[in-house]
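This one's a predicted model, so the numbers in the text were calculated from it and none came from an experiment.
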Amino acid sequence: PLVRAQLDGRDAGWFVLDTGASALAISEPAAAALALPELGRRFVRTSDGVAGAVAARVPGPSGPRDAWFTLDTGSSAAVTLSAGAAHAIEVRRRGRVALRGVSGSVGARAGELPWIELAGHRVEDVAVVIARAGAGATGDPTPEPHVAGSLGMALLKDFTLTLDYQARRVQLRRRARALRAPRSPARARD
């Protein structure tokens, strides 16, 4: 999602609302146009930590399990699993892909969760990207102590998302159009 922003009371243009980023990132041309002072460079991490995490139920090898996920509105994926959490969640494997973000690109596998329960709603056959062990916030191969991965816009688009930063609350409500069951095709008559 895009938001129109102001910096120091001046129109700064459109920004990606990325709830998975650890800092505000602005392009050099935009910073120059706004005459912002350069204070140095900073590495921006995405989809890490427990800030903004929500609980979801997912299939595990031994049955359903609860897991924490961060909300990453800057991600176009439905679900991204960290390398350390992949063993604890049942995933149908699909193939190889690259996991790209502002921090770079790492190897990953594509797959599908049979289902995920989020905000009391079950969503079936959800695309998932599984990070391989390596660099980046999702590449940590140690078993996940807190956060299993992130939920991106391919899943969140079916929910109304309310972020109450002051009270540190998140509310997800499934949109009415997403609740409607798909219609079965009309049968051809002989």
Fill in the blank from the handout: Output for pair (F69 CZ, S82 OG), nearest 0.5 Å, gives 8.5 Å

Exercise for the section: Answer whether the closest heavy-atom distance between the side chains of M153 and T73 falls below 4.5 Å. Expected result: yes

Handout entry: Residue pair D11 / A5: nearest heavy atoms and the distance that separates them
Key = OD1-O, 3.5 Å

Problem - Heavy-atom pair of closest approach, residues L151 and L156 - result: O-CD1, 3.5 Å

Fill in the blank from the handout: The reported gap from OG1 in T160 to CD in Q171 (rounded to nearest 0.5 angstrom) is 8.5 Å

Practice task
Determine, step by step, whether T80 and D72 satisfy the side chain to side chain contact (heavy atoms under 4.5 Å, CB included) criterion, reporting the C-alpha distance in whole Å, the side-chain angles of both residues, the deciding distance to 0.1 Å, and the verdict.
Solution key: CA-CA 9 Å; T80 302; D72 189 355; over 6 Å; no

Handout entry: side chain to side chain contact (heavy atoms under 4.5 Å, CB included) evaluation trace for I130 with R93
Key = CA-CA 9 Å; I130 306 125; R93 310 258 187 239; 3.8 Å; yes

Problem - Distance in Å, R57 CZ paired with R122 CZ, rounded so as to fall on 0.5 Å steps - result: 9.0 Å

Handout entry: R92 versus P114, closest heavy-atom pair with distance
Key = NH2-CB, 3.3 Å

Exercise for the section: With L118 as reference, evaluate L155, D158, V123, V79 under the side chain to side chain contact (heavy atoms under 4.5 Å, CB included) test and give the passing residue. Expected result: L155

Completion exercise
Nearest heavy-atom contact between A88 and R65 is O-CD, 3.1 Å

Problem - Distance (rounded to the nearest 0.5 Å) between H87 NE2 and L81 CG - result: 11.0 Å

Completion exercise
dist S62:OG -> E90:CD (nearest 0.5 Å) comes out at 10.0 Å

Exercise for the section: Supply the atom-to-atom distance D66 CG to E117 CD, rounded to the nearest 0.5 angstrom. Expected result: 9.0 Å

Problem - Heavy-atom closest pair, residues I89 and P61 - result: N-CD, 4.2 Å

Fill in the blank from the handout: Tightest non-hydrogen contact, residues P64 and W115, listed as CB-CH2, 3.8 Å

Exercise for the section: For R174 and F159, indicate whether the former's side chain and the latter's backbone hold a donor-acceptor pair under 3.5 Å. Expected result: no

